Amino acid sequence: MQVHELRLPLRAEDIRKLKEGDKVLLSGIIYTARDQAHKKLIELIEKGVDLPFKLRETAIFYCGPSPKAEGKVCGAIGPTTSSRMDGLTLPLLQQGLKVIIGKGERSAECERQIREHGAVYLTAIGGISAVLARTIVSCETYLWEELGAEAVYRMELDRLPCYVGIVGD
Amino acid sequence: MRYLKAEDIQKALTQAICQISYESDPKAVERMRTAHEQSNHELERDVLGAILENNELAAIDNIPLCQDTGCTVIIAEMGRELVIEGATLQEIADRAAAEAQGKCPLRASISYDPLFRRKNSGNNSPAIVHIRQVEGKRLKLKIAQKGGGAENMSFLMMLSPATPLEKIKEQIVQRIVESGSRACPPLVVGIGIGGNFERCALLAKEALFEELGRKHPDEHYAALEQEILSMINKCGKGAQGMGGGLTALAVHVLHEACHIASLPIAVNLQCHAHRHVDIEL
């Protein structure tokens with residue numbers, strides 16, 4: 001198993017050297033988005049509004065963190081089931097998204113879309129929140145706080161462990 | 001008669017919810033540790049190693065085992081000579097779920113309306129409570145924090161009683177294998193057989209509370225548990241669907257009488273973060 005230490009934003013050549021099953025330790029700024037946040041992001045895209053962050057330079061993490069305990073950098077962190085976002089992924093890929101982090105299999109259609117856009121789908125291990133929390137440098141609510149766990153959070157990662165699930169050519 | 005105060009039950013429940021949110025079933029952890037030591041599969045070792053490390057760090061770092069801190073599920077055995085003073089068990093459970101959510105803190109993961117509004121209740125209430133009346137004066141509460149991923153991959157089948165046993169096993173195993181990594185394996189598999197439509201689902205849930213890896217007292221069901229476990233683990237999906245021989249940690253069956261025309265079977269899946277405890281008051 002090859003291990004790659006990568007920092008966002010990824011270059012096309014960073015993605016090209018990845019193989020399915022490789023391990024990635026990912027660093028940099030990412031944003032979380034689950035079902036509700038995807039719907040809202042897509043509404044903005046459809047209205048032609050610029051998103052408040054550049055999808056090309058970051059990663060979308062399918063994650064709804066638990067609240068922070070006092071004095072903690074973050075609460076419990078981990079991936080949610082990606083397949084719920086299968087039908088909501090294409091508009092983000094079309095806006096330049098290159099890195100997605102989630103859990104589990106994607107539909108054949110979504111897999112094809114990820115490959116065609118030269119993007120990479122990374123799977124993180126579910127249910128290892130304390131391990132992942134140690135790789136979080138910062139975690140703040142960024143958009144739509146009223147959605148609670150489903151809001152968009154901005155996180156800085158320091159070597160978050162994940163595995164290459166799908167990678168574009 | 002024996003009288004129990006609602007506040008005392010709530011206090012014990014809140015404490016139990018907080019405790020299990022940071023501690024997986026020790027027997028589940030033990031099984032994963034053994035598999036980790038014995039595995040020759042590189043990815044499986046990596047994944048199991050991370051899960052084992054998580055079980056140690058959660059308590060040390062005060063971070064819940066999983067970001068999906070779950071929905072509170074309680075199966076209560078309530079003595080017929082017991083009176084709870086001050087509130088219903090449902091009200092007590094709702095208050096405890098909310099208290100634990102704020103105190104730990106846990107993720108608010110309950111949507112108030114399932115279809116139209118999808119608004120978060122903000123405090124993890126309501127809990128799901130099942131009550132069974134038993135002899136005596138005791139109150140036993142089986143408590144779980146149940147995550148959404150494994151629950152979503154659970155299923156129920158109303159089969160014909162003439163279905164051959166081999167077909168039944170195949171159907172159960174196929175559905176579990178197809179769920180891939182979505183239910184967060186290695187899994188505990190609770191199977192309810194018999195009863196009726198809703199009863200088999202409750203049996204499947206209750207089967208998850210059985211002592212992990214216990215042998216079924218009826219030899220036929222004991223053999224069925226072992227065969228299904230072995231079939232699941234031969235599929236090669238492995239921990240988190242990343243490959244290897246440990247897709248399930250245990251299979252528990254609970255069975256009950258049923259209608260002559262029916263063979264209800266429900267399968268409730270539990271992820272590797274097996275967060276449950278029994279308390280007696």
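Chain letters run A, B, ... following the sequence lines, proteins first and then strands; every chain starts at 1. Keep in mind that what you see is a predicted model, and the values were worked out from it rather than measured. Heavy atoms only: backbone and side chains are in, while hydrogens, waters and symmetry mates are out.
When the shell of 6.0 Å around CG of B/N40 is examined, it contains 12 or fewer heavy atoms from other residues, nucleotides or ligands. For A/E145, the CD atom is loosely surrounded, since the number of other residues' heavy atoms within 6.0 Å does not exceed 12. Residue-environment remark: NZ (B/K169) exceeds the threshold of 12 foreign heavy atoms within 6.0 Å. The local environment of CD in B/Q15 is sparse, with at most 12 non-hydrogen atoms from other residues, nucleotides or ligands closer than 6.0 Å. Other residues, nucleotides and ligands contribute more than 12 heavy atoms inside 6.0 Å of the NZ atom of A/K17.
The backbone N or O of A/G126 sits less than 3.5 Å from a side-chain atom of B/Q240, completing a donor-acceptor pair. Without hydrogens or angle criteria, A/S66 side chain to B/Q67 main chain gives no donor-acceptor distance under 3.5 Å. The main-chain N or O of A/G64 is found under 3.5 Å from a side-chain atom of B/R107 such that the two form a donor-acceptor pair.
Atom CZ of residue A/R134 and atom CG of residue B/N54 lie 10.5 Å apart, to the nearest 0.5 angstrom. Annotation: the span from A/C74 atom SG to B/D61 atom CG amounts to 9.5 Å, rounded to 0.5 Å. Rounded to the nearest 0.5 angstrom, A/K23 NZ and B/D46 CG are separated by 3.5 Å.
Proximity to chain B (any heavy atom under 4.5 Å) is restricted, for A/A133, to the side chain, taken from C-beta onward. Contacts between A/P67 and chain B at a heavy-atom distance below 4.5 Å involve backbone atoms as well as side-chain atoms. At a 4.5 Å heavy-atom cutoff, A/E70 makes no contact with chain B through either its backbone or its side chain. Only the backbone of A/K68 comes within less than 4.5 Å of a heavy atom of chain B; no side-chain atom from C-beta onward does. For A/S83, the part lying near chain B is the side chain, with the backbone staying farther off; criterion is any non-hydrogen pair under 4.5 Å. With a 4.5 Å cut-off on non-hydrogen atoms, B/Q101 touches chain A through its side chain but not through its backbone.
With chain B as partner, the option from A/G75, A/G127, A/G21 having the largest number of non-hydrogen pairs under 4.5 angstrom is A/G127. Most heavy-atom pairs under 4.5 Å with chain B, from the set A/T81, A/L147, A/I128, A/L132: that is A/I128. Between chain A and the residues B/N62, B/I60, B/I63, the largest count of heavy-atom pairs under 4.5 Å involves B/I63. Considering only heavy-atom pairs separated by less than 4.5 Å from chain A, the leading option among B/D68, B/N55, B/L106 is B/L106.
B/M242 is listed as a side-chain neighbour of A/T123, based on a closest heavy-atom distance under 4.5 Å. At a threshold of 4.5 Å between non-hydrogen side-chain atoms, the residues A/E105 and B/S181 count as touching. At a threshold of 4.5 Å between non-hydrogen side-chain atoms, the residues A/K103 and B/C184 count as touching.
When all heavy atoms are compared, the tightest approach of A/A69 to B/C104 is CB-O, 4.3 Å. Across every non-hydrogen atom of B/V47 and A/I125, the tightest pair is CA-CD1, 3.8 Å.
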